[in-house]
> 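Quick one: structure below, then a few questions.
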Amino acid sequence: MEIAKTYQHGAVEAKWYAHWLGKGYFHSTPDQRQPYTIVIPPPNVTGVLHMGHALNETIQDILIRRARAMGYNACWVPGADHASIATEARVVNQLKAQGIRKQDIGREAFLQHAWEWKEKYGGIIYEQLKKLGCSCDWQRTTFTLDDTYSRAVIRVFVQLYREGFIYRGQRMINWDPVALTALSDEEVEYREVQSTLFYVQYPLEGSTDRITVATTRPETILGDVAIAVHPEDPRYQHLIGKYAYVPLIDRRIPIIADAYVDQAFGTGCLKITPAHDWNDYQLGIKHQLPIIDVLNPDGTMSAAAQLFVGEDRFVVRNKIADLLREKGFLAKTETIVNKNGFSQRSNAVVEPRISTQWFLKMKDLAKPALDEVLQRQIQIHPEERFLNTYRHWMENVQDWCISRQLWWGHRIPAWYDAQGNIYVAETAEEAYAQAHKAMGTTDVQLHQDEDVLDTWFSSWLWPIQVFQGITQPGNAEWRYYYPTTVLVTGQDIIFFWVARMIMAGLHFTGEIPFRYVYFTGMVRDKLGRKMSKSLGNSPDLSQLIDQYGADAVRFGIMISSPAGNDLLFDEKGCEQGLHFCNKLWNALRLIKSWEPRINEQTKPATDFPIKWFHHRLQAFIRQTEKDFEQFRLSENLKNLYTLIWEDFCSTYLEWMKPAPDADGLQITKSYFETLLQLLHPYMPFITEEIYHQLSPRDANDDLIIKPIPAATDADEEIVQQGLLLKDVLAAVRQTLQMHQIKAKQPYELWIQTTQREKYETCIPILHSQLHVQNIVFTDDAPEQAIRTVVGKDILYIKIPELASTASDHQKQNLEKELNYLKSFLQKIEEKLQNERFLQHAKSEVVEREQKKKQDTLEKIRVIEETLRTLS
RNA sequence: GGGAGCUUAGCUCAGUUGGUUCAGAGCAUCUGCCUUACAAGCAGAGGGUCAUUGGUUCGACUCCAAUAGCUCCCA
């Protein structure tokens with residue numbers, strides 16, 4: 001069969017994905033083997049795959065494919081979360097475009113629209129994962145709003161409520177005035193913005209003086225209830241205990257002292273607005289100040305504000321400033337940079353707001369979750385970077401606001417009676433039963449809480465509930481797959497997800513949810529900027545795959561992403577991947593071209609290449625085992641790339657030319673197969689394709705499931721001999737090139753060495769690689785020859801017409817080398833003469849230094865001799 | 001303001017227990033090649049005071065401290 005001259009990725013990738021699926025290779029069921037389990041960090045159902053996902057999912061696929069080939073029962077569970085805020089926002093917008101408001105159609109109808117939306121767009125991300133080659137067990141696809149999953153969420157809510165972890169209370173929370181919902185602390189992003197600092201003068205009671213307060217939020221002065229100064233601030237001692245008037249509305253407020261106030265900021269006077277600022281809220285409680293909420297939920301001014309009622313907070317900010325200026329209360333303004341909180345989902349400026357919400361007490365849940373990690377029951381990679389972050393958050397954890405004022409999500413299973421009593425139960429029937437019992441009558445009307453739960457309150461159960469561990473505790477699948485093996489996720493959701501999954505795992509099952517956590521960095525562009533929609537610097541993944549092929553894209557992503565480091569994505573990497581595919585393809589073409597020629601071949605003159613590559617390969621397989629233990633995927637891929645390109649293609653295959661015999665061909669194919677196996681996790685499609693092109697295969701003989709052989713011991717001696725041979729080849733070629741000797745020009749190679757046996761087996765290779773006429777061993781320098789030095793050996797290139805000279809360049813190089821060796825030697829000698837070194841250093845170290853000294857002396861002798869004959 | 005991390009070749013990064021046969025890779029650059037697998041290729045070359053300063057040590061890219069610059073997290 002004729003093999004195409006270039007590799008065509010498109011058709012090949014579609015073909016093999018369908019083949020693997022058809023064979024059921026991705027599907028896992030419990031059996032005798034050890035499980036290797038990964039649960040996908042569920043992407044938003046609203047999402048399309050971006051580069052961050054691509055990095056994440058590629059890593060997971062690499063781990064799962066490797067595990068599958070190492071004989072584990074590999075199970076990768078895919079799925080998505082329902083993304084309350086994001087999805088609801090999409091659906092609301094879609095309805096708005098049709099002139100429909102969600103309040104008008106009601107909860108039921110709205111949810112129907114939302115489900116339709118989910119059916120239509122929710123699967124996009126799965127198709128993209130398939131395109132990328134992800135070997136997920138699609139039969140296990142889970143969605144956080146599935147019926148059973150929802151039951152699990154409700155069940156744990158009820159459990160935690162009964163255990164006293166969940167409470168309902170009025171507290172200050174982060175409010176998203178656009179999405180009209182509470183947010184958790186983690187859903188707020190703080191970013192620097194340019195703001196105006198307004199210096200507002202408050203008239204003092206019983207005086208014509210004024211006190212000046214600096215604020216970036218003049219609209220909130222309408223909610224001011226006090227002015228605070230530092231108790232030791234000499235400027236304001238006389239004012240403590242006095243009263244001032246809020247400009248424009250003339251509210252009489254006290255001037256209080258509190259050490260919290262920063263004397264250096266602004267004027268050293270702080271206005272206190274407990275309803276609209278976290279710190280003011282605390283101060284308000286401490287000093288028993290009233291709370292005046294001047295904002296409506298949508299960020300407009302409330303009736304309590306008295307002025308500008310119903311107008312937006314940002315509009316009012318300017319209007320108030322103008323009015324203050326007009327009335328003479330505005331002393332001055334300056335521009336400053338401060339940090340504002342933004343909603344991760346809607347990007348609205350978050351408003352601190354006092355509101356009644358449901359909270360989960362975190363302290364007692366966090367403690368065991370921290371301990372397990374500190375005791376390394378769960379190992380974080382890379383640890384040095386993220387363990388401290390994890391610990392810090394866990395030690396300072398705040399209660400988690402878990403209610404959201406939305407409809408798309410798990411409705412809070414709490415019912416209220418007319419008196420406001422709360423009944424928390426898994427079903428309405430149970431809630432009624434509770435109410436009947438409590439009230440001693442069946443004449444009760446209950447109303448369920450309107451709010452839903454934070455999306456993360458469902459996804460923290462993910463590793464347990466994808467195996468029904470909550471709804472069917474102790475079931476066989478759960479027992480088999482849980483705890484899962486490794487969680488791969490971005491460092492940005494360490495708190496959202498990782499920490500809470502560990503808490504949930506320990507609390508609900510008594511076991512950790514996974515043994516390893518592998519954190520990836522952020523994907524940035526090649527200039528180091530975060531990828532974002534607004535910058536437009538995020539490449540379209542589908543387009544990238546169409547252009548380069550999924551294998552090349554996976555290669556491009558992995559080749560530059562060491563664990564935990566940010567990945568500076570550059571399309572160049574994909575191009576390199578594409579070239580690599582081409583290289584592999586051509587290796588296939590070469591090997592296949594040998595097939596019809598094996599009969600012509602007699603036994604090769606040396607089996608050194610075969611021996612050498614065998615040991616080289618064994619050493620690599622062993623190293624690979626270590627690399628995967630330490631999640632050093634990028635390094636492993638780099639080394640594999642070099643092994644294939646340099647050692648296999650440029651070295652081994654060249655050394656086997658013009659063609660091997662039948663046995664040699666067989667061995668060559670088996671080497672190639674092993675390389676393909678090692679590469680398969682990174683580049684699944686082309687490796688499977690080449691595997692099948694290389695030899696006819698039985699029906700169930702596919703690379704994806706072919707077990708990777710265990711490494712045998714590598715003979716370091718033979719590996720070294722290969723390196724020597726490579727050095728000799730390079731030295732001769734370099735010398736020829738420097739003397740501008742054409743490749744076809746005949747010459748003789750004389751070798752002066754004390755390790756003749758190392759050369760002898762390789763002479764046929766020297767002949768085939770160097771087009772040398774004759775090779776001889778010598779003990780003396782021949783006449784009329786160019787010299788070059790390899791280690792302790794001297795090579796002479798004899799060309800009758802050329803004088804016995806070296807180029808200046810070559811001399812310089814030798815001199816440079818000599819200087820280096822001499823200073824090297826000096827340092828070794830100093831060391832060996834140093835009493836304290838001999839006393840303190842281990843005996844192996846001293847021996848090694850002595851060996852180094854001998855070797856170096858020998859090399860120096862050789863170079864000096866060469867230089868002498870050159871001059 | 002509190003905390004963490006980073007700083008090695010033009011760029012992106014390796015360098016695992018301190019001991020110059022380890023200062024390395026890829027990309028980029030330069031030179032020579034259309035050698036019958038591959039020009040998406042082959043064969044070579046150049047390039048670094050390992051941020052700075054001090055300390056520990058017989059010995060520091062590696063450990064410690066300070067300084068500078070960068071990044072991230074938290075408030």
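Just so we're on the same page: letters track the sequence lines, and every chain starts at 1.
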> Near RNA chain B, under 4.0 Å by heavy atom, which residues of residues 336-344 of chain A?
A:Lys339

> When you compare the protein's N or O atoms with those of nucleotides 2-10 of chain B, which come within less than 3.5 Å of each other, and at what distance?
from	atom 1	to	atom 2	distance (Å)
B:rA4	O3'	A:Asn388	ND2	3.4

> Only counting residues at least two apart or in another chain, list the ones meeting side chain to side chain donor-acceptor pair (under 3.5 Å) with A:Asn388.
A:Arg391

> Is any side-chain N or O of A:Glu635 under 3.5 Å from a base N or O of B:rA25, one able to act as donor and the other as acceptor?
no

> Under 3.5 Å, is there an N or O donor on one side and an acceptor on the other linking the side chain of A:Lys583 and the base of B:rC38?
yes

> Show me the protein contacts with nucleotides 29-31 of chain B, counting only N or O atoms at under 3.5 Å.
from	atom 1	to	atom 2	distance (Å)
B:rU31	O2	A:Gln737	NE2	3.1

> If the threshold is 4.0 Å, N to carboxylate O, is there a salt bridge linking A:Glu186 and A:Arg500?
yes

> Which one, B:rA43, B:rC38, B:rA14, comes nearest to the side chain of A:Arg632?
B:rA14

> Should the pair A:Phe648 and A:Phe613 be assigned to parallel (<30°), tilted (30 to 60°) or perpendicular (>60°) ring geometry?
tilted

> Just call it for A:Phe580: base, sugar-phosphate, or nothing, with non-hydrogen atoms closer than 4.0 Å on any strand.
nothing

> Please say which of A:Trp400, A:Phe495, A:Phe496 ends up in a ring-ring contact (aromatic ring centres under 6.0 Å, His included) with A:Trp456.
A:Phe496

> Would a distance-only check, ignoring hydrogens and angles, find a side-chain to backbone donor-acceptor pair under 3.5 Å from A:Asp551 to A:Phe685?
yes

> With Watson-Crick and G-U wobble geometry limited to distances under 3.5 Å, how should the secondary structure of RNA chain B be encoded in dot-bracket form, using | for bases paired to another strand and [ ] for crossing pairs?
(((((((..((((.....[....)))).(((((.......))))).....(((((..]....)))))))))))).

> Listing time: all N or O pairs from protein to nucleotides 19-22 of chain B that are below 3.5 Å?
from	atom 1	to	atom 2	distance (Å)
B:rG19	O2'	A:Glu849	OE2	3.4
B:rU20	O2'	A:Tyr820	OH	3.2
B:rU20	O2	A:Tyr820	OH	3.2
B:rU20	O4	A:Lys827	NZ	2.0
B:rU21	OP2	A:Lys852	NZ	3.0
B:rU21	O2	A:Lys859	NZ	3.4
B:rU21	N3	A:Asp855	OD2	3.0

